[in-house]
Structure formats: structure tokens, C-alpha cells
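In what follows, a structure is listed as C-alpha cells, so that the remarks can point back to it.
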Number of protein chains: 2
Amino acid sequence: MQAVYTQLQTISRRASARSRRTAEPLTLVQHTLLNFIDGTPECRAIDIAGAMRLNRSTVSRQVGDLQAIGLIEVGAVTAEQTSRGQLLTLSKRGRELLDRSIRANHDELERRLSEWSDDEIDDLAAGLERFNADEERSPS
Amino acid sequence: MQAVYTQLQTISRRASARSRRTAEPLTLVQHTLLNFIDGTPECRAIDIAGAMRLNRSTVSRQVGDLQAIGLIEVGAVTAEQTSRGQLLTLSKRGRELLDRSIRANHDELERRLSEWSDDEIDDLAAGLERFNADEERSPS
DNA sequence: ACACCTGTGTTGCATTATGCAACACTATGA
DNA sequence: TCATAGTGTTGCATAATGCAACACAGGTGT
């Protein structure tokens, strides 16, 4: 059981080390944000903060940067219900870079998992999903 | 397969978020360092840097801090072959805190995995180990 | 013996991601 | 209309990190 902890720790450590050295097309943070915005309809900054357990201010700055380099649009959309907060959407360029970044990660993963069978991959994914779901129940 | 990536990303993100808010008995970084030193005979700073993919300077500072608060000893041991670098060892207090920290994580994990069978846990651990082992082959 | 190279650690400086607290703005409800 | 709650922004501080320059110790080659 301790093994689970150790291995996850190693994964996290290496992931951040890698993301520090390289910047694919996108920073890890940028990738994560764009991905979240893309997958969340009516996404506002505060939603990101909640989901990623970050401070509002942090998200505000990251979002500001993404907007500054033209990867997202703030307050765009039809915004029927302008109330409460500004809606975030990917710009064309944002989508483009996100896609490229996803593809890069995909390729990288594919190399790492090249010797795995589909079932083995599914099993790992299922285990990880369950692990994360468990956390959502107990706040930790 | 993309699921594996997403789930791992979530795990990493949450782990760092958690470690930011809490400081068990030890910081995540401190815990990781002490744990590595503990598990590595004749451990030198440069070994840590290599294993964790960190810069020498970063390790130097972290080690300096740990020494300053009395959790490790630098250059101690019998050091038959004093050459090349200073050997790091846990101090009594270091071991104590590391043990406590390990126990805290252990408890936390136990809560999260309380509904898992031993086999399921073993499977997950095995999958993660394999995943990490794969990375060691392809540098990434 | 002396000059030189290599491996290790340290330090100055910069950067990134982050949190907290104070503030600004905007609806919404009483 | 005014108070309140929800969002976002900004000033300030901190932790972890990298890079480059430097310091130092041990071997090597001549």
C-alpha cells in the first residue's frame, strides 16, 4: 500500500520536473487551464479555482496571461445571462495550441505504454479513476 | 489511454495543492528528501539531484535547510573514503519526524483505500510501478 | 612538483506559481 | 435605496526552482 504512495509521488515529481524543463507548445499550467475551459461549458475563473483548488488570485493571473497571449477570450459568447462573472472560451489559436499539446502528450504516453495491452491500460486508468473518485468523497 | 494522463494529472495537481495547504509534520519536499536519504546508503546531495531531477543548487539549499533545523547531518558517518562529496544521514530527530510523516500519509491513504481489497491495491501499485519503470527506459 | 581537469557544493540573481488580504464592481434582495 | 454576497484584481510575500559563476578538493599527466 505504501507502494502506491511512493509510485504516485515519483510520478508527480517527475511530471513537474519534466514540465519545468520543457514547454511543449504549452506550459503544464496553461495546458491544464485550457483543457478545463474547453471541457467546461459556461466556465468562469472561479470554477477553475474550485476545481483545481487554487486561489482566485492565482487563476485571475493565469487567465489574464492566457488572454494576453490570445489563447482565450473573456466575457465573449452570447452571454445571455451576463450575471455573476465572466465566461471564458478558447480562442481559435487557443484551441489550436491545446490540440497540439494534447497530441504531444498523447504521443509521449503512447511511447511509454507501447508495450501495454489495451486491457492493461484500461485497468490502470480504472484504478486511477477510482482512486480520484475516492478523494472526492473524503475531502482530505 | 488519455484517461491515464488525465487522472495522473489530477492526482499531481491535488497532491501539490494539499501539500501547499498542510505541512503534516513535514513539507512534501522535506519528506521526499528525508525519505530518499534514509533509503540511500552513502547518499550525497548530488545523488538526490540526479534521482529527483533537480538542480544541484536546489538540493544544496534544501539540504542546508534540513541541516539548519537539525533533521540531517552532513559529512557525518565514518566516511572511510571521504573523497567526492559529503555524506548525508538522518539525525535522530529527522528519523522521528520522517516516521511520523510517513505514518500520517499512511493513515490518509488507508482512509482513501478503505474500500479496496488487497488485490485491488496490489494491482494498482503494480501498474504504477510498471509505468514508472517504463519511463526509466525512455528518458523523456 | 606543478599545472590542469573533474566532480561537488555554494551563492547571487531571476523566474514561476502560489496564497492572503484589501479593494472594486455588480447584481440581488429586503 | 442600501446592505450583502459573489467575482475578479492587485499589492505584497513566500517557496521552489534554474542558471551561471565561483570555490574547493582530489587525481592526472608531464
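All of these numbers come straight from a predicted model, not from anything done at the bench. Letters A, B, ... are given to chains in the order of the sequence lines, protein chains preceding strands, and every chain is numbered from 1.
- For the atom pair Leu88(A) CG and Leu66(A) CG, the distance stands at 9.0 Å (nearest 0.5 Å).
- Going from atom CG of Leu28(B) over to atom C1' of dA17(C) covers 15 Å, rounded to whole Å.
- Of the N and O atoms on the side chains of Ser117(B) and Asp119(B), not one donor lies less than 3.5 Å from an acceptor on the other residue.
- Taking atom CZ of Arg18(B) as the reference point, atom C1' of dG19(C) lies 18 Å away to the nearest angstrom.
- Follow the hydrophobic side-chain contacts under 4.5 Å out from Leu8(B) and you reach Tyr5(B) in the same cluster.
- Between the CG atom of Leu54(A) and the P atom of dA17(C) there is a distance of 11 Å, rounded to whole Å.
- Residues forming a side-chain hydrogen bond (donor to acceptor under 3.5 Å, both in side chains) with Asp65(A) (at least two apart in sequence, or on another chain): none.
- The terminal axes of the helix from dA1(C)-dT30(D) to dA30(C)-dT1(D), fitted over 5 pairs per end, subtend an angle of 0° to the nearest 10°.
- Here the closest non-hydrogen pair linking Gly85(B) and Arg44(B) is CA-CD, 4.4 Å.
- In this structure, the CZ atom of Arg14(B) is 20 Å from the C1' atom of dA17(C), given to the nearest Å.
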Side-chain donor-acceptor pairs under 3.5 Å in residues 26-35 of chain B, sequence neighbours left out?
unit_1: Thr27(B); atom_1: OG1; unit_2: Gln30(B); atom_2: OE1; d: 3.4
unit_1: Gln30(B); atom_1: OE1; unit_2: Thr27(B); atom_2: N; d: 3.0
unit_1: His31(B); atom_1: ND1; unit_2: Ser101(B); atom_2: OG; d: 2.6
unit_1: Thr32(B); atom_1: OG1; unit_2: Leu28(B); atom_2: O; d: 2.6

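- Proximity of Gln62(B) to the phosphate of dT17(D): a side-chain N or O atom is located under 4.0 Å from OP1 or OP2.
- Leu71(A) and Phe36(A) fall within a single hydrophobic cluster, where Ile, Leu, Val, Met, Phe, Trp and Tyr are joined by side-chain heavy atoms under 4.5 Å apart, directly or via other members.
- As a whole-Å value, the separation of Gln86(B) CD from dA23(D) P is 17 Å.
- Residues from residues 29-41 of chain B with heavy atoms under 4.0 angstrom of DNA chain C: there are none.
- The distance between atom CG of Asp65(A) and atom C1' of dT18(C), rounded to the nearest whole Å, is 13 Å.
- The CZ-P distance, from Arg21(A) to dT16(C), rounds to 18 Å in whole Å.
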Side chains of residues 121-131 of chain A: which donor-acceptor partners sit under 3.5 Å, not counting sequence neighbours?
unit_1: Arg130(A); atom_1: NH1; unit_2: Glu120(B); atom_2: OE1; d: 3.0
unit_1: Arg130(A); atom_1: NH1; unit_2: Glu120(B); atom_2: OE2; d: 3.4
unit_1: Arg130(A); atom_1: NH2; unit_2: Glu115(B); atom_2: O; d: 3.1

Check nucleotides 10-12 of chain D against the protein and report each pair of N or O atoms closer than 3.5 Å, with its distance, or say if there are none.
unit_1: dG11(D); atom_1: O6; unit_2: Arg61(A); atom_2: NH2; d: 2.6

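- Taking the charged nitrogens against the carboxylate oxygens, Asp107(B) and Arg103(B) have no contact shorter than 4.0 Å, which rules out a salt bridge.
- Listed here is the closest heavy atom pair of Met1(B) and Leu109(A): O-CD1, 3.6 Å.
- Nearest approach of Ala45(B) to Val59(B), heavy atoms of both residues: O-CG1, 3.5 Å.
- Spacing between atom CZ of Arg53(A) and atom C1' of dG19(C) amounts to 16 Å, rounded to whole angstrom units.
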